[in-house]
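Down below is the structure, laid out as structure tokens.
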Amino acid sequence: MNTFLQVLTNGIMLGSLFAIVAVGLTLIFGIVKVVNFAHGEFLMVGMYLTYVLTTWMGIHPFATVILVAPALFLLGAVTQRFLIQPLMSADDDHIQIFATVGLSTALINLALLVFGADIASTPASGLRTPLQLGPVRLLSGQVAILVASIAVVVVLQLFLSRTQTGRAIRAVAQNRAAAQLMGINVNWIYILTFGIGAACVGVASVLIAPLYPTSSGIGTYFVLTAFVVVVLGGLGSIGGAFAGAMIIGLIDSFAGFYIGSDLREVAVFGVFLLILILKPSGLFSSRLNLSHVSP
Amino acid sequence: MTDISTTSPRSQAASNGWMLKAIPLAAILASLVLIPVIVGNQFVYHIFITICIFAALSTAWNIVGGFAGQLSLGHAIFYGIGAYTGVILMNMGISPWIGMFAGAAIAVLAAVIISYPCFRLHGPFFALATIAFLEVFRVLALHWRELTGGATGLMIPLQIGWEWMVFRDRLPQLLIAFGLLLLTLAVAWWIRSHRIGFYLVATRERESAALAAGVGTVRVRLAAVAVSAALTAFVGTFHAMYLTFIEPAAMFSLQMSIQIAMFALIGGLGTVFGPLLGAVLLVPISELARAWLGAHALGLHGFVYGVVLMLVVLFMPNGLMGLISRFTKQRRERGVLAGTIAASAATPDARQRAPIGADVMRVEHLQKHFGGLHVTNDVGFTLREGEILGLIGPNGAGKTTVFNMISGFLKPDSGSVTVRAADGSWQSPTTPGDFATIGVGRTFQIVQPFAAMTVEENIMVGAFHRYSDVEEAREVARETAERMGLGPWLDAEARGLTIGGLKRLEVARVMAMKPRILLLDEVMAGINQTDVRRAIDLMKSIRDSGVSIVAIEHVMQAVMSLSDRVIVLNSGKIIAQGEPREVVKDPVVVEAYLGKEFIDAQA
Amino acid sequence: MLRLENIHAGYGPTTILHDISLTVEAGEVVTIVGANGAGKTTTLRTIAGLIRPTAGTITFEGEDVTRLSSHEMVDRGITLIPEGRQLFPDMTVQENLLMGAYRKAARQHKDAALQEVLSLFPRVRERLTQKAGSLSGGEQQMVAIARGMMARPKLLMFDEPSLGLAPIIVTQVFDVIETIVKTGATVLIVEQNVFHTLKAADRGYVLENGEIVLADTSDALLHNDHVRQAYLGI
């Protein structure tokens, strides 16, 4: 029973980790309608920034968020403005895919050039301290991720539903042409959204960096799972992404324990492929948005 | 009258274009073998072998990613399968020459199983699914240690000689790599210049229009995937022999998949020789960077690749081949201009009109709901041989929905559509393919050209329905184009046509299928008066050749002068039918179009 | 108030409008009549700044606005109520209306505008908290019009307001438009329901194949032989 609780807790912790990475991805997905294949590399950039700021300046990893999140916002905004926006009207969606794949390749290799192949360890700063909560053990850093992922989801939802800018973002996603007629500057909304999505990854990276070693390939590791989460939760659904992340976290944790740790990914991607093929609208979306699927 | 003036400069220009491509191509291919042989340096050999391998992989990928437009980022699966099958069998004492085919067979099987469910997914989602499959293969390769050696990888046994595909010399390796490259290029060229290639591109450009033209879209894409997977596996087997050591991280690698696709994009997506060009230009960058800068340059070539990819996407999305064809096209257009002067109008046949014959299509009690909306309510009618039936009604009356149900694009909730086949039997087709086979052709209200294909190629896609030979289909396409007044634009890309031209192209494509029943959805909307008059003549000539026509039309002039009978649809229901002159006087019809106040005002 | 001079416009390489010139004076109701594909929608979209004309000039209240983008046109006081309603389906009716007052200038008086609009459309008030996508076609059209009025536009353009609506609803929509006209609004309207619109309008233009072939008062057009034959079917 205790083992079960421990595996369950691990799953939830892993889920919140996936959630905080996936939230920005689903936002960009849902609003800009672009699949950002470089999302994982944004995370990597954020983690390296955290590493550099903590080791060179000696500040607490969490404090770096005031620099890392804006930096990532800028990275996202620039990506949208100069890479995606010129391609928005391309009738061939290959072009957009290749654009972000190119960005991802360039960023991975840039990291290799700058930091080499060795891993970079951000100081733990007490975040790897185990806590004993009844029968289960977990790290304080994991709890921070859980709290932060919930906070990010709630803040984003409030922003989108309560503010005029947030409503404008939703309006653009639901009917781009009508949004333009309302006087919404659609290009600017896209830049803003991409920036916010990337800033969310910035928040994720300062939380993850103290717990996981940073390397040029870390983005690929997380982003594939994040894609699974986003498809599972329904494209563009922030709440859905959170729920999807929890499910994937639990599958990962239980599959790792009961099937074998080396087959965890097979279970996760198996679920992904099943969802993609059988219920492409995701598990939690009420309205069908199947522009990516033939009838 | 136009034969000489249009075709001769065109074919001359075409042969010029062909020469312009053939000479540099032969030069590139020859230099791939000659340069290393002349230089004789081991490292140069290595670079050129690597170029051949990547060019072959990329060419094979392009059959799926380029021709068929299915952006696979999981092609390393087939490469890895080829490599592992070859090495595992070799360890069991079986020659890689046999292992190659075993690997290809497994790869084809995997490709078909993976692709079939994924074809429903578009663009990024297809790409994501292929990445996920790739990850699954990589993890499984790590997991089945007894078979694959797991993370430690597999070495090939030290057996040297042609029968083992392993050599001390570089030359035989270069020759095999070059041979594989030639094979993939030949296969890609064959596909692109035969019916299946046209079908693949048509499916990529507009799936619905391809379906209407009778293309088995799933079948042709599966064929493309299978061929591509087999070729990729061949190269995988050879590459494993060349590398002498394989491991899951290198064989089933996403970076590898991306690189293969990248060369094709940079060279020119969907062109036969673009991937070769991409590999020739980019492979040396990575190999030289690795050799000269060693560990300092870790990541340098990848960084360059990524930046080049972004720049290409932004500034020359058609790749290097796009640049080249822009250059050759300028020469060609001079030839086309000569043809435009002699633009021919549609020439109606002077044949006598055949009498209206027996029923050829029966539509009974069609019902269709979308959500709570009753869009088709008990619609039924018959179409007789050689008749023009006008289908009119206000916007949103459900005309196109009816069309979709009588061409297989939409399944009615209830009711039936039966069609008399050429042999006289009555059949109930259900899919667009069934309808095309039985002789029902349709156009789309919103024109659906295969934008990247020329006018001639667009019409050929229709002609292939009856003629599988390329030259025959081309002949039919040219005849049809002349008849539709599209003769001068045969070599123009469809995306460059005016609305009037696109409407005619839409009809031409269907006519090339030689249908017995023609469904025309607003072919006259948005075209000018001259074109309307031409279109009316054209429809008469089509009718006179014995084809039965159902036409949705808003241009009243056309409806009145063409239709033998008219059906008026309003809110999904037939509210009137009969002779056109009678129907437009019907108060119910006038009210539907103009509102009740109009009647009151007239009274 | 609005003046188009020799406008050419289209999508990509395709030119749809050839040399269009038309004017709308303050307080007028003007209609553009024409067959499907004649370029009516393109004309409205060009005025709204969604399409850049390739030649010609557009002036609004004496200023050249030819090169302005859609959000700048909204700021000038031009609102287009698009064909097919184009609501934000997953937003509530209230949120849809608030989007109508998105621009900074309109935002200041959005509460007052909301009250004004709701007094014009009592039916919309009952639906405020419902998702726009769940409304019937007629209700959606009312919301679309109400949303267009939230910015207190000087020129209101309607594109096919009766499209796909049942005849009884069409009459209601026209009643609403007439009410708006009575408040003194300037209106440019495109409709396939030619008779209805000509009855409601002061003047009309007939558009064929992207060119204006006739321009006259509504009464004259209603009695014009060409119009009667081509669009009224008599």
Side-chain angles (χ1 to χ4, degrees), chain A residues 26-27 29-31 33 85-92 156-193 233-240 281-282 284-291, chain C residues 11-12 41 44-45 47-51 68-92 94-108 110 131-134 140 143-145 147-153 156-159:
Chain A
T26 203
L27 185 73
F29 228 176
I31 313 292
K33 313 269 196 281
Q85 188 176 311
L87 304 174
M88 285 301 267
S89 59
D91 43 0
D92 193 349
L156 265 186
Q157 293 281 32
L158 285 177
F159 169 69
L160 289 177
S161 60
R162 297 290 164 82
T163 67
Q164 189 78 344
T165 311
R167 277 195 288 266
I169 290 178
R170 282 159 58 216
V172 169
Q174 290 176 30
N175 192 330
R176 183 189 155 140
Q180 242 173 326
L181 288 174
M182 299 304 107
I184 297 172
N185 185 339
V186 173
N187 282 336
W188 190 80
I189 291 287
Y190 284 155
I191 292 170
L192 180 72
T193 307
L235 311 177
S237 161
I238 290 165
S281 57
F284 308 104
S285 74
S286 50
R287 219 169 62 84
L288 292 180
N289 173 17
L290 296 180
S291 57
Chain C
Y11 301 90
T41 296
L44 295 193
R45 290 174 61 86
I47 299 171
L50 294 169
I51 301 171
L68 296 191
S69 55
S70 56
H71 53 269
E72 289 167 311
M73 290 308 247
V74 173
D75 284 344
R76 300 288 165 125
I78 297 181
T79 294
L80 169 62
I81 293 162
E83 181 180 338
R85 278 83 74 179
Q86 310 286 355
L87 298 182
F88 306 113
D90 285 346
M91 291 182 154
T92 64
Q94 178 157 11
E95 284 178 312
N96 265 277
L97 294 179
L98 289 177
M99 290 322 294
Y102 172 77
R103 298 300 296 176
K104 219 171 245 150
R107 240 181 260 193
Q108 295 157 3
K110 69 175 195 293
K131 287 244 166 97
S134 69
Q140 288 196 12
V143 174
I145 297 174
R147 185 182 63 179
M149 296 186 65
M150 284 292 291
R152 292 182 173 165
L156 202 51
M157 300 191 290
F158 291 90
D159 192 358

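Residue numbering restarts at 1 for every chain, and letters A, B, ... go by the order of the sequence lines. Keep in mind that this is a model prediction, so the values were computed, not measured.
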| message | As an exercise: rank Met73(C), Arg107(C), Glu72(C), Arg45(C) by heavy-atom pairs under 4.5 Å with chain A and give me the winner. | response | Arg107(C)
| query | At their closest point, which heavy atom of Thr26(A) faces which heavy atom of Gly236(A), and how far apart are they? | reply | OG1-N, 2.9 Å
| message | Within 45 degrees of the ring normal and closer than 6.0 Å to the centroid, is that where the cationic atom of Arg147(C) sits relative to Phe88(C)? | response | yes
| query | Excluding sequence neighbours, so at least two apart, what forms ring-ring contact (aromatic ring centres under 6.0 Å, His included) with Phe29(A)? | reply | Phe125(B)
| In terms of heavy-atom proximity below 4.5 Å to chain A, should Ile81(C) be classed as side chain, backbone, both, or neither? | neither
| So which part of Ala106(C) gets closer than 4.5 Å to some heavy atom of chain A, the side chain, the backbone, both or neither? | neither
| said: Tell me the closest heavy-atom pair linking Lys33(A) and Gly30(A), and the distance in Å. | reply: NZ-O, 3.0 Å
| task | Please report the shortest heavy-atom distance between Met91(C) and Met99(C), naming the atom on each side. | result | SD-CG, 4.3 Å
| request: Select one option (side chain, backbone, both, neither) describing which atoms of Leu50(C) are under 4.5 Å from chain A's heavy atoms. | output: side chain
| request: Enumerate by number any residue of residues 178-186 of chain A whose heavy atoms lie under 4.5 Å from heavy atoms of chain C; in the absence of such residues, state 'none'. | output: Ala178(A), Ala179(A), Gln180(A), Leu181(A), Met182(A), Gly183(A), Ile184(A), Asn185(A)
| field | Inter-residue atom distance Leu235(A).CG - Ile31(A).CD1, 0.5 Å rounding | value | 11.5 Å
| note | Residues Thr41(C) and Glu83(C): closest non-hydrogen pair is OG1-OE1, 3.3 Å
| message | If I take atom CG from residue Asn96(C) and atom CZ from residue Arg85(C), how far apart are they, to the nearest 0.5 angstrom? | response | 13.0 Å
